[in-house]
2 protein chains.
Amino acid sequence: MAATLKDVAIRAGVSRSAVSRTFTDGASVSPKMRKKVKKAAEELGYRPNALASSLTTGRTKMIGLISNNFHNPIFLTVFDRFTRALQERGLRPLLVNLSDETDPQSSVQMMRQYSVDGVIVASSTLSPDFSKAFRDWGMPVVHTFGRHATNPHVHVVGIDNVECGRMAARALVARGHKHVAFLGGPEKATSTQDRYQGFMTEMAMHPKVKTTYSFANQYSFEAGRAEMQRLLRSDTAEAYFCGDDVLSIGVLSAIQDAGLNVPNDIGLIGLNDMEMAGWANIDLTTIRQPIGQIINSSVELIAAMLDDPERYPEARLFPCDVVERGTLRPALTD
Amino acid sequence: MAATLKDVAIRAGVSRSAVSRTFTDGASVSPKMRKKVKKAAEELGYRPNALASSLTTGRTKMIGLISNNFHNPIFLTVFDRFTRALQERGLRPLLVNLSDETDPQSSVQMMRQYSVDGVIVASSTLSPDFSKAFRDWGMPVVHTFGRHATNPHVHVVGIDNVECGRMAARALVARGHKHVAFLGGPEKATSTQDRYQGFMTEMAMHPKVKTTYSFANQYSFEAGRAEMQRLLRSDTAEAYFCGDDVLSIGVLSAIQDAGLNVPNDIGLIGLNDMEMAGWANIDLTTIRQPIGQIINSSVELIAAMLDDPERYPEARLFPCDVVERGTLRPALTD
DNA sequence: AAATTTTTTGCAACCGGTTGCAAAAAATCT
DNA sequence: AGATTTTTTGCAACCGGTTGCAAAAAATTT
């Protein structure tokens, strides 16, 4: 059976308090005592129980890592990055899949049960009600990929999706396209709405360019492909801004199946620059969302909130860049 | 501040014991008392602290979910399935990324610190020393995608990789190929070794067919692509069994870049049947590893071990099936 | 060496729960 | 109605840690 602090105290012939102080950062203990305790602890294979100590300290060092997105390939990178960044700080992610959840309160109650020190909501499609509910319960919370304007009292880390929509529009205009279109993800998602808004706003400054739009029903290959197949039968633009890379890949697939050439017949620009976008044969021109920075910043923010729970809510938006690959033709030289 | 059991007891005018019994399954409490306590608890927004109760019960209901694989797209599905299956049983996954870890003992100590009820090691490439170390510490452990023969004292759930190698070989022979090859993942990974063994053993029964092999340095698109580019410059077989789907997609990409046709010039069969294998333009013939069943079974096994830690170690191997798509030509009719 | 200051140590209470057991209350049997 | 059995309840100790505080020990100053 696992050794406890009491066992170590008995073996070292000291008080339990001495043992505790030996393993508590910043506590006062003499070098001689420390050595004696460490020796006994080692002999017994003792390891402090983080959960027992959390009762007194109020800290578990666990962070709820919440997502409803387990199908978009970029989220594998997201989880990789989050786990690494949290682990580096001695924080532990309690992973929660909210793909089938509709009630914010039940999520809050579960997090409270496990006394997580904070919560990271990693989703652009989960209702803002979720991060708001955590905050309302007084939990430190960061909404990664969320939208600041909808939830000004919650810390948000991500990109300016409106600006990305603008960037995409500008990229298509620069290619001299006369008919461009937005092909978005789920219409209700804040990311879709912002990207659409940015795109349409920028295109409004180019009245000579025909602009249309439509939505896929989710951020997936199949949804992108199906929507493009529909468009190819009705109203085909010269170039498309697809709401994200996995949509773009589905769109690319449908275009190729129709015997058309990308970028010569139809141009494409995606968003995210997930690993697959750079794969040969895909070679997607896209707008790079700096996932690494977004995640490191999210973790930095949650860690800061552990020390300062009243920290004033902030939005950290990272700039995006167009990554030129093979799905858009060269820009016109002015 | 969060209400505690003591607050509820005061408010309901009963003992703390009565409150505890009200929230403890199977404990004796009268309907009248239960109602009174529930009312007070509701008014205070009380929720039992799972970690405090774990000190007495010895159960946190947390399960360590350990992986070192955050780059192979199939693992997004793996995490989706694991989180759902665990959550359905009221278990909570503490996610651990061991991509950069080499010391099993430090992982064990971390898991002990959090008093997880059990550990699921989800990896085909992590050394068996890890799952063995957990077991040696008396923790319930299931190694998903592990190899039984290497670790007979640990519960293993997965597929018979040797048999999959055989199946792949048979599929290529049935196409009448005169030169076939195995293109595997990391040579040291047990999954690679077993798939190779099965493939070569089956091919040994067909001495008239030339058989060669090589290894990519990881299970990734780039690694598969690079190795195929190398092979196209030296020793090209008619058909390949690629160690998994993501390798296959990289291989497919290199073949297409060389202006060759799949399946007419070169045939391919992968392993896993991850979502992307069925994408149009990939349309990969592959061997389906039943991920859903493997994961449900792993979770079922870990749950069973919580009640019976001395449960005799077992290996649960699931059958695989060839999924015919477009990367292998039709079989010869005998 | 004595006085003063600083550091270290153990005691005991605390954190938020659970549970064995004896006493009290309720239910059932005669 | 009394006796017996069953259920319910509160007490108090426990789970494995932390920490305020007073006393003791060590270090420093005079």
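Naming convention: chains lettered A, B, ... in sequence-line order (proteins, then strands); numbering from 1 in each chain.
Listed in residue order, the members of residues 22-36 of chain A having a heavy atom less than 4.0 Å from DNA chain C are A:S28, A:V29, A:S30, A:M33.
Regarding B:R16, its CZ atom lies at a distance of 14 Å from the P atom of C:dT19, rounded to whole Å. For the pair B:K61 NZ and C:dT18 P, the interatomic distance rounds to 11 Å; values are reported in whole Å. Note: CG (A:L55) to C1' (D:dC14) measures 13 Å, nearest angstrom. Rounded to an integer number of Å, the gap from B:Q113 CD to D:dG16 P is 15 Å. Remark: P of D:dG17 and CG of A:D7 are 9 Å apart, rounded to the nearest angstrom. Distance CD1 (B:I10) to C1' (C:dG16): 13 Å, rounded to an integer number of Å. The distance between atom CZ of B:R112 and atom C1' of D:dG17, rounded to the nearest whole Å, is 15 Å. Distance, A:L5 CG to D:dG16 P: 10 Å, rounded to whole Å.
Ring-centre distance between A:Y219 and A:F75: not below the 6.0 Å cut-off.
Using a 4.0 Å cut-off, some side-chain N or O of A:Y46 falls inside it from OP1 or OP2 of D:dG17. The side chain of B:S17 places no N or O atom within less than 4.0 Å of a non-bridging phosphate oxygen (OP1 or OP2) of D:dG10.
Of the listed nucleotides (C:dC15, D:dG10, C:dT19), D:dG10 has the atom at the smallest distance from the side chain of B:V14. Comparing C:dT19, D:dG10, C:dC15 against the side chain of A:T56 picks out C:dC15 as the nearest. In this structure, the nucleotide among D:dG17, D:dG10, D:dT18 sitting nearest to the side chain of A:S20 is D:dT18.
Under 3.5 Å, the side chains of A:Q109 and A:R112 contain a donor-acceptor pair of N or O atoms. In the model, A:N68 has no side-chain atom that pairs as donor or acceptor with a side-chain atom of A:N97 under 3.5 Å.
Ion pairing between a basic and an acidic side chain is recognised when a charged N comes within 4.0 Å of a carboxylate O; A:E43 and A:K39 show such pairing. Salt bridge A:D307/A:R59: present, at least one basic N to carboxylate O contact under 4.0 Å.
With rounding to the nearest 0.5 angstrom, the CZ atom of A:R84 is 11.5 Å from the CD1 atom of A:I295.
Put simply, the side chain of A:R21 and the base of D:dG17 share no donor and acceptor less than 3.5 Å apart.
Within 4.0 Å of B:R59, counting heavy atoms only, lies no atom of the nucleic acid at all.
With a cut-off of 3.5 Å on both Watson-Crick or G-U wobble distances, the partner of C:dT30 is given as D:dA1. In this structure, D:dA27 forms a base pair with C:dT4, meeting either the Watson-Crick or the G-U wobble geometry with both donor-acceptor distances under 3.5 Å.
For A:R34, the salt bridge (charged side-chain N to carboxylate O under 4.0 Å, His left out) test picks out no residue, with sequence neighbours left out.
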